[in-house]
Each structure stands twice: as structure tokens, then as C-alpha cells.
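For reference, the structure is listed below as C-alpha cells.
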Amino acid sequence: MAKQVWRPGNQLYPLPVVMVSCASADGKVQNIITVAWAGTICSNPAMLSISIRPSRYSYNLIKESGEFVVNLTTQDLAFATDWCGVKSGRDVNKFKAMNLTPIPSTVVKAPSIKESPISIECKVKQIIPLGTHDMFIAEVVAVQADELYFDEKGAFNLQKANPICYSHGKYYTLGKEIGRFGYSVKKK
């Protein structure tokens, strides 16, 4: 079987699709931007990245405040996730329009989204211009996890929240577990 050769492009799919909440430096303006260019970049210290086009409304809010919150998305949040990605905060209050609840974060001034199962509070460490997008490298300074998704043993079960991902312009739910890290070498 032969492979087709395509022009260079980002084919690293599926991706997490997240709603990034942010606020102006004074906290008076709040917004949500949907981001699929997000990822883990370091475990100690815990760091992640998001990439945003400089023309986006949230770009300057995050650049000036130096903070944001990555809110994981779920099947129940899929419509709001998409809507917050196609509407601009210049024109509409996304929290009100999508009936999302901004709640105080524990460390940063940017709000967290109450309906999200996990909210990851971040402080920007570096901004790297890359081309169409600038990458915000940020340190994770706190994580809020919804108690609804803890099991009887106290373990967090994100699968119960029905997380979604993004691939080639479409949203998907996740499938069944097929193994755990290290299962290929585990002694039987």
C-alpha cells in the first residue's frame, strides 16, 4: 500500500479542544476563547502552551494580564465550545450568551468556568511569535477539579465527564480505554 504525499501541514490529530478563560489586567473584562492548539510541555514545573492568533480579542487580554485558565471541555459543553470559537468577545459576552458561570480562580485573576470538569490556572512565562499564531508558554499555578467526577476511592475520573477532542474541523468524544501507561511491559 502506498502513501500519498501532502504539502507540509499540521496532522497531529486528535487534539484537546479547550475553552481558555481570560480577563483584562484589572479584571473588569472577561472572555472565553476556544483553542485547539494547546498542549503539555513540561511536568516539573508543570507547564503548558496555547497558541493564539494576535488578531484575536483574547490575545491582548492574556498578553497584558499574563494569566489565563484552560478549561477542559465535555460533550455537554460542545455547543458552547464551538460557539465561543466562532464568536468574538469584542461583540458579545460569551459567558452570558452561553449560560456559562465565571467563578473565581484560586491564584489568577482570570475566571474559571464552573461547568468545566477541570480548570487549569496559568501564568504566562514567555510568548513566542511563530507565524500565524503566537505561543504562550505558561506555568500551571493551580488546578480546580469538579468533585462530581471523583469516584468512591477519591480518584478523579475524567471519562465520566465525556471529554471531547478536535480533529480536522470536527469534534469527537473519546473512545474506550485500551490500556494504561506501561501495560506493554507489565509482568503478567
Side-chain angles (χ1 to χ4, degrees), residues 3-4 6-22 31-43 46-53 56 58-59 62 68-89 94-95 97-102 105 110-122 128 130-140 142-151 155-184:
K3 289 188 175 187
Q4 292 183 11
W6 293 353
R7 66 177 173 81
N10 294 320
Q11 298 304 316
L12 190 58
Y13 288 105
L15 300 165
V17 58
V18 298
M19 289 191 288
V20 175
S21 48
C22 53
N31 195 43
I32 301 168
I33 182 172
T34 299
V35 174
W37 303 122
T40 299
I41 57 173
C42 189
S43 55
M47 297 182 80
L48 57 77
S49 69
I50 60 171
S51 293
I52 303 173
R53 290 179 185 266
R56 299 294 189 233
S58 293
Y59 179 92
I62 294 170
F68 59 89
V69 180
V70 173
N71 300 275
L72 298 189
T73 56
T74 65
Q75 188 171 350
D76 288 345
L77 292 171
F79 185 88
T81 300
D82 183 67
W83 196 90
C84 288
V86 296
K87 296 291 184 176
S88 175
K94 295 179 188 183
F95 280 102
M98 287 291 100
N99 295 314
L100 296 171
T101 312
S105 296
S112 293
I113 299 173
K114 180 180 180 183
E115 293 78 9
S116 173
I118 296 276
S119 297
I120 307 166
E121 300 178 36
C122 301
I128 303 173
L130 298 173
T132 59
H133 292 68
D134 286 359
M135 179 185 288
F136 289 80
I137 295 176
E139 184 173 354
V140 175
V143 177
Q144 294 185 57
D146 191 326
E147 291 178 352
L148 179 65
Y149 303 107
F150 285 88
D151 66 19
F156 188 80
N157 184 346
L158 182 60
Q159 191 65 21
K160 284 175 57 177
N162 295 316
I164 60 173
C165 62
Y166 178 83
S167 182
H168 300 283
K170 298 176 183 174
Y171 303 99
Y172 295 91
T173 57
L174 300 183
K176 65 178 182 162
E177 180 182 311
I178 61 168
R180 291 179 180 240
F181 179 76
Y183 82 101
S184 63

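When reading the values below, keep in mind they use all heavy atoms of this one structure, side chains included, and skip hydrogens, waters and symmetry mates.
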Residue pair Arg53 / Thr132, side-chain heavy-atom distance below 4.5 Å: yes
Test item: Tyr172 and Pro14 side chains (from C-beta on) under 4.5 Å apart, heavy atoms: no
Side-chain donor/acceptor of Thr73 to backbone N/O of Val17, under 3.5 Å: yes
Lys160 atom NZ, neighbour heavy-atom count above 12 within 6.0 Å: yes
Phe68 side chain reached by Ile33 side chain, heavy atoms, under 4.5 Å: no
Distance (rounded to the nearest 0.5 Å) between Phe95 CZ and Glu115 CD: 9.0 Å
Distance-only donor-acceptor check, side chains Thr74 and Asn162, under 3.5 Å: no
Under 3.5 Å: donor-acceptor pair, side chain of Asn71, backbone of Ser116: no
Ala38 to Val18 - nearest heavy-atom pair and separation: CB-CG2, 4.1 Å
Straight-line distance of Ile120 CD1 to Leu48 CG, nearest 0.5 Å: 6.0 Å
Any donor-acceptor pair under 3.5 Å from Ser119 side chain to Gln144 backbone: no
Distance in Å, Tyr171 OH paired with Cys165 SG, rounded so as to fall on 0.5 Å steps: 11.0 Å
Distance-minimising heavy-atom pair for Met98 and Cys84: CG-SG, 4.2 Å
Main-chain N/O of Asp82 paired to Thr34 side chain as donor or acceptor, under 3.5 Å: no
Value rounded to 0.5 Å, distance of OG in Ser58 from CD1 in Ile52: 6.0 Å
Lys87 side-chain N/O to Lys94 backbone N/O, donor-acceptor pair under 3.5 Å: no
Leu12 atom CG, neighbour heavy-atom count above 12 within 6.0 Å: no
Greater than 12 external heavy atoms within 6.0 Å of Phe79's CZ: no
Whether Phe150 and Phe156 hold their rings parallel, tilted or perpendicular, with breakpoints at 30° and 60°: perpendicular
OG-CD1 distance between Ser49 and Ile41, expressed to the nearest 0.5 angstrom: 5.0 Å
Side-chain heavy-atom pair Leu77, Leu100 within 4.5 angstrom cut-off: yes
Worked check of side chain to side chain contact (heavy atoms under 4.5 Å, CB included) between Leu158 and Leu174: CA-CA 11 Å; Leu158 182 60; Leu174 300 183; over 6 Å; no
Short side-chain donor-acceptor distance under 3.5 Å, Ser105 and Ser112: yes
Minimum heavy-atom distance between Thr173 and Gln75, given as atom pair plus value: CG2-OE1, 3.4 Å
Spacing of CG belonging to Asn31 relative to CE belonging to Met19, to within rounding of 0.5 Å: 12.0 Å
Heavy-atom pair of closest approach, residues Leu15 and Trp37: CD1-CZ3, 3.9 Å
Ile62 side chain reached by Val20 side chain, heavy atoms, under 4.5 Å: yes
